[in-house]
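A quick write-up on the structure given underneath.
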Amino acid sequence: MLSGLLLWLIIVGAVFGGGGFYAYKQGLIFAKDRGGTDSTGAPGGVRDTTRLAARDTTRQAGDTSHTANLPPPPPPAPAAPAPGTPGRLVLQNVPTGARISIEGQPVRGTELDLTPGVHRLTVRAAGYQTYERQVIITPGEIYNVRLDMQTSEDEGGPCDRFGPAYNQDNLCFDTRPLPLSTTVIPVAQDAAVFPRQAILLIRVSRNGTTMEARVFVPSNVETFNNEALDMARNLRWNPAQKNGEPTEAWVQWPFQPVRQ
């Protein structure tokens, strides 16, 4: 009887043992239900969704802290100026007393606001050759021009020598020199010939002294011319002015005879 019971247990164990292993391999026991539940009875889809949501939340929190360390975005670029906005011409290395013109029109200063486009710049200065060039002005932009003016090749500049074109367009001075005293020369009552006036050409320094004097329109009496030259050499002057500053200048000045 014991041998029969033992035989029966072996047979049952073999049947259930092989079937159980087969069921385990097929995922029928202790396995997640593909449609919904796992071995704990909890819906598999819900549990997986919860884990993914928690993982995504953690990842987003990490991404936020990484973004917080990034530099702020650059400011937007300034808007381009309107087409008609003036540009600025800045002149450098301009000689003292230079006369500047744009399109032939005199201008003051070395920083000029000009309409956009091409302009003709002309600069004249005593002792230098005339400087001319075209400048292109862009709306809202600054155009710098450094002058490299060449010295005049002749004996002097247009303001060093007196001639027909001297001080043309007020190139050399704005106001001429003026003597600080009258230029009247007394003539004796018994003079045989009463002299006409003499006009002298005089070069006046920026300090108001006579640098050079010569007869430009002579009197009919030679002695009167000499007296006029003597007076001119000792005259004191208010010097010529250019752009508000004293400057050397030539001037024609009459010397009048008067009877004592």
Side-chain angles (χ1 to χ4, degrees), residues 94-109 122-132 147 149-260:
V94 179
T96 302
R99 183 172 180 80
I100 304 168
S101 61
I102 300 293
E103 266 66 88
Q105 299 299 316
V107 295
R108 288 187 176 274
T122 304
V123 182
R124 296 185 176 91
Y128 294 89
Q129 298 179 18
T130 300
Y131 180 92
E132 288 187 313
L147 302 184
M149 298 183 67
Q150 303 297 316
T151 56
S152 182
E153 296 178 356
D154 55 17
E155 296 180 354
C159 295
D160 293 331
R161 296 181 298 110
F162 185 84
Y166 179 75
N167 201 38
Q168 184 176 5
D169 297 328
N170 288 339
L171 173 62
C172 304
F173 55 82
D174 299 320
T175 58
R176 67 176 183 166
L178 295 173
L180 297 179
S181 58
T182 61
T183 54
V184 174
I185 299 175
V187 177
Q189 290 284 351
D190 58 353
V193 178
F194 187 80
R196 296 192 300 267
Q197 73 172 10
I199 299 176
L200 270 58
L201 181 62
I202 303 171
R203 187 177 185 183
V204 180
S205 74
R206 66 182 61 196
N207 295 325
T209 59
T210 298
M211 301 174 63
E212 184 179 348
R214 58 178 181 259
V215 177
F216 190 70
V217 178
S219 172
N220 59 327
V221 177
E222 185 62 25
T223 56
F224 186 82
N225 292 331
N226 294 332
E227 291 178 4
L229 286 170
D230 290 339
M231 178 178 282
R233 294 187 183 104
N234 295 291
L235 277 177
R236 297 291 298 182
W237 304 77
N238 277 326
Q241 299 284 320
K242 179 64 180 177
N243 295 330
E245 297 181 357
T247 185
E248 293 181 6
W250 287 95
V251 63
Q252 299 177 50
W253 198 261
F255 290 74
Q256 302 282 352
V258 61
R259 288 190 185 275
Q260 289 181 332

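Keep in mind that this is a model prediction, so the values were computed, not measured.
- Contact of the Phe173 side chain with the Gln241 side chain is not registered, since no non-hydrogen atoms from C-beta on lie closer than 4.5 Å.
- The heavy-atom pair separating Arg236 from Asn207 by the smallest distance is NH2-O, 3.6 Å.
- Closest approach of Ser205 to Pro239, counting heavy atoms only: O-CB, 3.6 Å.
- In plain terms, the two heavy atoms of Asn243 and Arg108 that are nearest each other are OD1-NH1, 3.5 Å.
- At least one side-chain heavy atom of Pro195 sits less than 4.5 Å from a side-chain heavy atom of Val187.
- Put simply, CG on Asp174 and CD on Glu245 are 11.0 Å apart, with the number rounded to the nearest 0.5 Å.
- In this structure a side-chain-to-backbone donor-acceptor pair under 3.5 Å is missing from Arg124 to Ser101.
- Counted within 6.0 Å of CZ on Arg259, heavy atoms from surrounding residues, nucleotides or ligands total more than 12; the atom is thus considered enclosed.
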Stepwise side chain to side chain contact (heavy atoms under 4.5 Å, CB included) test for Ile100 and Thr122: CA-CA 6 Å; Ile100 304 168; Thr122 304; over 6 Å; no
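- Within the 4.5 Å cutoff, the side chain of Glu248 has no heavy atoms near those of the Val204 side chain.
- For the pair Asn225 (side chain) and Pro218 (backbone), a donor-acceptor distance under 3.5 Å is absent.
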Audit row: Ile185, Met231, side chain to side chain contact (heavy atoms under 4.5 Å, CB included) steps and yes/no: CA-CA 9 Å; Ile185 299 175; Met231 178 178 282; 3.9 Å; yes
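- Put simply, the side chain of Phe216 does not reach to within 4.5 Å of the side chain of Trp253, judged on heavy atoms.
- The CZ atom of Arg161 lies 11.5 Å from the CZ atom of Arg203; values are rounded to the nearest 0.5 Å.
- Within the 3.5 Å criterion, the main-chain N or O of Pro177 finds no donor-acceptor partner in the side chain of Asn238.
- Checked by atom type, the side-chain pair Thr210/Trp237 shows a donor-acceptor distance below 3.5 Å.
- Here the closest heavy-atom approach between residue Ala249 and residue Tyr166 is recorded as CA-OH, 3.4 Å.
- Using a 4.5 Å heavy-atom threshold, the side chains of Ser181 and Leu235 count as touching.
- Proximity of Ile202 to Glu212: side-chain heavy atoms (C-beta onward) are nowhere separated by under 4.5 Å.
- The shortest side-chain heavy-atom distance between Phe255 and Glu227 does not fall under the 4.5 Å cut-off.
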Worked verdict on Leu229 versus Val215 for side chain to side chain contact (heavy atoms under 4.5 Å, CB included): CA-CA 7 Å; Leu229 286 170; Val215 177; 4.0 Å; yes
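- Side-chain atoms of Met149 and Pro95, non-hydrogen and from C-beta on, do get closer than 4.5 Å to each other.
- Contact detail for Trp250 and Cys159: the closest heavy-atom pair is CD1-O, 4.1 Å.
- A pairwise comparison of heavy atoms in Lys242 and Asn170 identifies NZ-O, 2.6 Å as the closest pair.
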Stepwise side chain to side chain contact (heavy atoms under 4.5 Å, CB included) test for Asp169 and Arg99: CA-CA 9 Å; Asp169 297 328; Arg99 183 172 180 80; 4.0 Å; yes
